[in-house]
A.B. asks: 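Structure provided below as structure tokens; questions to follow.
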Amino acid sequence: MIISLTQYKGGVGKTTSAICLATLLSNQAKTLLIDSDPNRSATLWARKGLLPFDVCSDSEAPKRLMSGQYQHTVIDTPARPAADDIRAIAQGADLLILPTTPDPLSLSALVQIATELPQGTNYCCLVTLSPPAPQTDGADAIAALKRHGLPVFNRSIRRYKAYIKAAEAGVVVNKVPSGGVAWRDWEEVWKEMGHGKVG
Ligand SMILES: Nc1ncnc2c1ncn2[C@@H]1O[C@H](COP(=O)(O)OP(=O)(O)OP(=O)(O)O)[C@@H](O)[C@H]1O
Ligand SMILES: [Mg+2]
């Protein structure tokens with residue numbers, strides 16, 4: 001399984017989502033996260049060696065993949081890719097995840113990407129950084145994407161400080177105090193991906 005994450009707009013939760021998805025996949029089988037972003041955010045997150053999967057750079061990826069030890073690969077891509085990059089990323093993935101914050105600029109970037117994807121791309125939008133209830137921005141964004149006919153996860157990823165703490169501590173969000181509630185969103189997304197209960 002190769003999952004890639006991309007978006008025209010930066011800061012929409014690509015790296016955070018890549019870390020969480022790689023964690024879910026690593027419960028199933030050995031997983032490699034390829035950090036294609038020159039900012040190296042995922043590599044920085046992994047620096048303490050506390051994540052349940054391996055992380056490597058683009059240049060290390062061929063050797064790692066040739067070793068045959070990985071069943072799953074997650075690819076975190078740079079911010080602001082060109083349209084050609086997005087098409088290449090889409091072609092190389094079994095599942096392309098397009099994270100978006102629930103603001104109009106990020107949503108319209110997605111609508112744009114969707115028109116540029118190669119035919120037959122298996123992709124799904126994921127609304128991230130959605131503000132806490134009673135604000136309805138997350139649900140509104142999901143409804144807007146559906147109105148545009150875009151595939152989208154029904155569960156949005158809520159905004160919690162636990163993610164910032166997890167990145168600082170170099171762990172997955174479910175390993176920090178108060179991160180359990182944030183992790184529930186990922187368990188729901190995992191179910192929507194056709195998997196059962198996590199664990
Ligand atoms: N669900 C969340 N709740 C709270 N903070 C979050 C959440 N998701 C991401 N963040 C924070 O928002 C910022 C952007 O997230 P992230 O780095 O994952 O986005 P990105 O799309 O990879 O950014 P870039 O385009 O710079 O690579 C980070 O500081 C991250 O810790
Ligand atoms: Mg990133």
Side-chain angles (χ1 to χ4, degrees), residues 3-25 32-48 50-51 53 55-58 61 73-83 85-86 89-90 93 96-110 112-113 123-133 135-142 152-190 192:
I3 298 182
S4 290
L5 298 101
T6 195
Q7 233 286 31
Y8 279 139
K9 202 168 169 297
V12 293
K14 284 185 304 293
T15 300
T16 304
S17 302
I19 297 277
C20 292
L21 288 166
T23 300
L24 289 160
L25 288 167
L32 178 67
L33 192 161
I34 302 175
D35 185 1
S36 289
D37 186 346
N39 285 339
R40 297 274 171 268
S41 315
T43 304
L44 201 63
W45 199 321
R47 72 202 176 280
K48 292 187 179 162
L50 300 174
L51 298 175
F53 50 86
V55 179
C56 76
S57 66
D58 257 355
T73 308
V74 176
I75 308 176
D76 184 19
T77 62
R80 294 168 206 87
D85 296 331
I86 294 216
I89 290 164
L96 181 68
I97 294 192
L98 306 175
T100 179
T101 47
D103 62 284
L105 278 183
S106 185
L107 292 174
S108 43
L110 272 202
Q112 164 93 26
I113 290 179
Y123 76 99
C124 198
C125 306
L126 176 66
V127 176
T128 60
L129 281 150
S130 69
Q135 294 170 85
T136 59
D137 307 43
D140 296 346
I142 290 169
V152 54
F153 289 104
N154 289 307
R155 181 76 169 217
S156 68
I157 306 303
R158 291 167 293 174
R159 194 175 67 207
Y160 282 108
K161 281 202 181 119
Y163 286 98
I164 317 276
K165 290 183 193 152
E168 275 167 12
V171 297
V172 185
V173 70
N174 58 0
K175 298 286 186 243
V176 296
S178 78
V181 61
W183 186 248
R184 268 189 228 138
D185 295 336
W186 290 102
E187 293 183 323
E188 288 306 315
V189 166
W190 184 245
E192 286 190 59

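Atoms within a ligand are numbered from 1 in the order they appear, just like the ligands themselves.
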A.B. asks: With a 3.5 Å distance limit and no angle check, can you tell me whether Asn39 reaches the backbone of Ser41 through a side-chain donor-acceptor pair?
C.D. replies: no

A.B. asks: Give every donor-acceptor pair under 3.5 Å between a side-chain atom in residues 11-22 and any protein atom, sequence neighbours left out.
C.D. replies:
{"residue": "Thr15", "atom": "OG1", "partner": "Asp76", "partner atom": "OD2", "Å": "2.6"}
{"residue": "Ser17", "atom": "OG", "partner": "Gly13", "partner atom": "O", "Å": "2.6"}

A.B. asks: Looking at Thr128, is its backbone amide N or carbonyl O close enough to the side chain of Thr101 to form a donor-acceptor pair, meaning the two atoms are under 3.5 Å apart?
C.D. replies: no

A.B. asks: Within the side chain of Gln7, is there an N or O that forms a donor-acceptor pair under 3.5 Å with the backbone of Lys9?
C.D. replies: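 Here the side-chain-to-backbone pair exists.
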
A.B. asks: Tell me if a side-chain donor or acceptor on Arg47 pairs with a main-chain N or O of Gly170 at a distance below 3.5 Å.
C.D. replies: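 Absent.
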
A.B. asks: State which residues pass side chain to side chain contact (heavy atoms under 4.5 Å, CB included) with Ala182; sequence neighbours excluded, sorted by chain then number.
C.D. replies: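 By the side chain to side chain contact (heavy atoms under 4.5 Å, CB included) rule, Ala182 matches Tyr160, Tyr163, Val173.
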
A.B. asks: Could you tell me whether a side-chain N or O of Arg184 sits under 3.5 Å from a main-chain N or O of Val181, the two making a donor and an acceptor?
C.D. replies: no

A.B. asks: For a distance cut-off of 3.5 Å, show me each N or O of ligand 1 paired with any protein N or O, plus the separation.
C.D. replies:
{"residue": "ligand 1", "atom": "1 (N)", "partner": "Arg158", "partner atom": "O", "Å": "2.9"}
{"residue": "ligand 1", "atom": "3 (N)", "partner": "Tyr160", "partner atom": "N", "Å": "3.0"}
{"residue": "ligand 1", "atom": "3 (N)", "partner": "Tyr160", "partner atom": "O", "Å": "3.3"}
{"residue": "ligand 1", "atom": "18 (O)", "partner": "Thr15", "partner atom": "N", "Å": "3.4"}
{"residue": "ligand 1", "atom": "18 (O)", "partner": "Thr16", "partner atom": "N", "Å": "2.9"}
{"residue": "ligand 1", "atom": "18 (O)", "partner": "Thr16", "partner atom": "OG1", "Å": "2.6"}
{"residue": "ligand 1", "atom": "19 (O)", "partner": "Gly13", "partner atom": "N", "Å": "2.9"}
{"residue": "ligand 1", "atom": "21 (O)", "partner": "Gly11", "partner atom": "N", "Å": "3.4"}
{"residue": "ligand 1", "atom": "21 (O)", "partner": "Val12", "partner atom": "N", "Å": "3.0"}
{"residue": "ligand 1", "atom": "21 (O)", "partner": "Gly13", "partner atom": "N", "Å": "3.1"}
{"residue": "ligand 1", "atom": "21 (O)", "partner": "Lys14", "partner atom": "N", "Å": "2.9"}
{"residue": "ligand 1", "atom": "21 (O)", "partner": "Lys14", "partner atom": "NZ", "Å": "3.0"}
{"residue": "ligand 1", "atom": "22 (O)", "partner": "Lys14", "partner atom": "N", "Å": "3.4"}
{"residue": "ligand 1", "atom": "22 (O)", "partner": "Thr15", "partner atom": "N", "Å": "2.8"}
{"residue": "ligand 1", "atom": "22 (O)", "partner": "Thr15", "partner atom": "OG1", "Å": "2.9"}
{"residue": "ligand 1", "atom": "23 (O)", "partner": "Gly11", "partner atom": "N", "Å": "3.1"}
{"residue": "ligand 1", "atom": "25 (O)", "partner": "Gly11", "partner atom": "N", "Å": "2.9"}
{"residue": "ligand 1", "atom": "25 (O)", "partner": "Lys14", "partner atom": "NZ", "Å": "2.8"}
{"residue": "ligand 1", "atom": "27 (O)", "partner": "Asp37", "partner atom": "OD2", "Å": "3.3"}

A.B. asks: May I ask you to check whether Ser36 and Thr77 show a side-chain donor-acceptor distance below 3.5 Å?
C.D. replies: no

A.B. asks: Using every non-hydrogen atom in the two residues, find where Leu5 and Val74 come nearest and quote the distance to one decimal.
C.D. replies: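 In terms of heavy atoms, the two residues are closest at CD1-CG1, 3.7 Å.
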
A.B. asks: Take the Mg ion (ligand 2) and tell me which protein N, O or S atoms are nearer than 2.8 Å.
C.D. replies: Thr15 OG1

